[in-house]
Amino acid sequence: MTTLDERLGALRDGGRRALVPYLMAGVRPDWGRLLEALVAGGADAIEVGLPFSDPMMDGPVIQEAALAALAAGTTFDSVVAELASLDLGVPLVAMTYCNVVYHYGLERAAGRLREAGVLGAILPDLALEELGEWSAAGDDADLATVLMVAPATPPERVAAVVERSRGFVYAAARMAVTGAADGLGDGAAVVARIRAVSRTPAYVGIGIASPEQARAATRVADGAIVGSALVRRVLDGSSPEEVQSFVRGLREAIDHP
Amino acid sequence: MSVMGPPDGRGRFGDFGGRFVPEALVPACLELEAAFAAAWADPAFVAEFHETLRLFGGRPTPVTPLPRLSERLGLRVYAKREDLAHTGSHKINNVVGQTLLTRRMGKGRVIAETGAGQHGVATATAAARLGLECTVFMGEVDTRRQELNVFRMELLGARVVPVTSGSRTLKDAVNEALREWVTCVEDTHYCIGSVMGPHPFPWMVREFQRVIGDEARTQLEELGVGVPDVVVACVGGGSNAAGVFAGFADTPARLVGVEAAGGSAIGHGAPGVLHGMRSMLLQDEYGQIEEAQSISAGLDYPGIGPEHAHLAATGRANYVGVSDDEVLAGLTLLSETEGIIPALETAHAVAWLAGAAGNELAAGTTVLINLSGRGDKDVAQVRALLRGER
């Protein structure tokens, strides 16, 4: 059991529905301040994007954020240095693509992330069948590898994916890349398939943009992940206070259904 | 694993290949793998594939002796004439196979990426023939560079979507096609254009292209040449090279892949993961993918098919780079000596041959060059380059 399993398990057992906002590291010079704003707004954990030049699973908003971060000179090293300097008090989960950690060296990348206080990692282009080398490095470093279940994942495969997922299971609400959408899509059905085989917390993401959607998601799941809607605001110049207020709105919708 | 046999159960060629895709695409890849394996073992499917290539695709393409070029270079050069295939390049082989497979899987739509437009035009062509809906993703930069090919695809009933993300070229068109595929895997096949992407694509596309090498092997026998000393082809993703190499992998022939010097994934790349595969990639010290630079849009790709990375690692094939200037000289040389205007991509192979003749290739060496495509699409660009306009 990883530290992330313990932390998120305790959250669930305490009856709290998790709010997990996403922010791209390096998207703005004040991104560390923005992380603090997410916590102040009521985030239970944060997905921190490490930019990659070719983000296959991301829609236009997070692509734009990745390119902005790379143009500003953001690197794996600069991200872990900044994260190590912050004391946020909530679990951090890195989200990036295989090549970033493969090129850095799997053990070295897992070790550096964990040293910087990151408790988990999501690599959307790392399918279950290719997990071996990375998950060994992650497990050794106490870095939880979070896997995704998609609406297209067949039932027999759901069990295998969930069994190998650490911390939580990412329940994709729709067959789409990241980006704002309407409603909960297939979120409820995907969560039900996860719940049928495991007690690991299931968090719904992909297209969750509004307080209403976050509320709907956390009625069926243990948590909600909000990415593009928040990153759009960051790209459009929202202040840390405005970002905090947006997250506060999500928090209130989740806590007061 | 035999040389150029099937990959292992995880889709690996040695250390390369695999299936690095989002979970949403895994079921579609598994379905495709099963469907292709069944189809390729089904004599009726294989017969329909070959018959379609014969009656529609213009196969078999001839092997042409190139006497004047041979005399100029002091070699014995033969050309496999993929430039004479329907739509003007080897791309038709792959799309005929994949569209027949699409229909067999009960899907009514294909999507594709394209760089120069050759694969897009070929896909639109094969889709039109089977009445499949077709959408082609093309970098916005390339839609401007290859305006006529955009119109060709539209004439063939396809929809062309300009890609405005990233560098707006081929690699971004692949990203966008993969993103689109996530939303429509149920009824849509991704007709990938080269021996790249997640398993089973690199294997499947090579199998659909091996008709090039298999035909050439027989044709050279019939010409009394036998197995050539050298087989050479240009390489972007590497489908024409994989196809011709497959026919000679079990012979002593030296296999040479020619990359653009500015897009040389084997020469200047490092192992990495992109577009669903582990292969050699142009990338910076943090694993960010770098843009390839080439005179030819078709070779403007920062990676290479995983089987080529494996053939390079094991030494079964060599990969070399040539400069844009050498390519232009190669194009002119083949045009003037043999009356064949090759595509800029293909001219890379000619350029290497011209440079190697009398150096690493001894006089009298027998060479099979794969003439992967014809140059009509590049004529305006070549005219501008030769007149010093860019």
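In what follows, chains carry the letters A, B, and so on, assigned in the order in which the sequence lines appear, proteins first and then strands, with residues in each chain numbered from 1.
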Legend entry - Top of A:Val100, A:Leu147, A:Val101, A:Asp58 for chain B proximity - count of heavy-atom pairs under 4.5 angstrom: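 Most heavy-atom pairs within the cutoff with chain B belong to A:Asp58.
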Inset, instruction - Flag the one option from A:Glu64, A:Arg157, A:Met57 with the top tally of heavy-atom pairs under 4.5 Å to chain B. - result: A:Arg157
Answer with side chain, backbone, both or neither: which region of [X] has an atom nearer than 4.5 Å to a non-hydrogen atom of chain B?
X	answer
A:Arg174	neither
A:Tyr104	side chain
A:Pro55	both
A:Gln63	side chain
A:Asp77	both
A:Val161	side chain
A:Ala172	neither
A:Leu70	side chain
A:Tyr102	side chain

Inset, instruction - Check the pair A:Asp139, A:Arg164 against salt bridge (charged side-chain N to carboxylate O under 4.0 Å, His left out), reporting the backbone distance first and the verdict last. - result: CA-CA 11 Å; A:Asp139 284 353; A:Arg164 192 56 202 77; 3.1 Å; yes
Which atoms of [X] approach chain A - backbone, side chain, both or neither, heavy atom under 4.5 Å:
X	answer
B:Val174	neither
B:Glu285	backbone
B:Ala28	neither
B:Ile289	both
B:Pro271	backbone
B:Pro27	side chain

To the nearest 0.5 angstrom, please state how far the [atom1] atom of [X] sits from the [atom2] atom of [Y].
X	Y	atom1	atom2	value
B:Lys171	B:Ser165	NZ	OG	8.0 Å
A:Glu107	A:Trp134	CD	CH2	10.5 Å
B:Arg159	B:Ile111	CZ	CD1	10.5 Å
B:His119	B:Glu113	NE2	CD	4.5 Å

Inset, instruction - Identify the residue among A:Phe168, A:Tyr22, A:Tyr170 that makes a ring pair (Phe, Tyr, Trp, His ring centres under 6.0 Å) with A:Tyr203. - result: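 Filter result, single survivor: A:Phe168.
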Strictly below 4.0 Å, N to O, side chains only: are [X] and [Y] in salt-bridge contact?
X	Y	value
A:Glu129	B:Arg19	no
B:Glu180	B:Arg109	yes
B:Asp142	B:Arg145	yes
A:Glu130	B:Arg12	yes

Inset, instruction - Would you mind telling me which of B:Gly18, B:Cys29, B:Ala24 has the largest number of heavy-atom pairs within less than 4.5 Å of chain A? - result: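 Ranked by heavy-atom pairs under 4.5 Å with chain A, first place is B:Ala24.
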Legend entry - Partner chain A: residue of B:Thr183, B:Leu178, B:Val21 with the largest heavy-atom pair count (under 4.5 Å): B:Val21
Legend entry - Residue pair A:Leu128 / B:Val26, side-chain heavy-atom distance below 4.5 Å: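 No, every pair of side-chain atoms sits at 4.5 Å or beyond.
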Inset, instruction - Compute the centroid of each ring, for B:Phe201 and then for B:His275, and state whether the two points are separated by less than 6.0 Å. - result: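 Not under 6.0 Å, so no.
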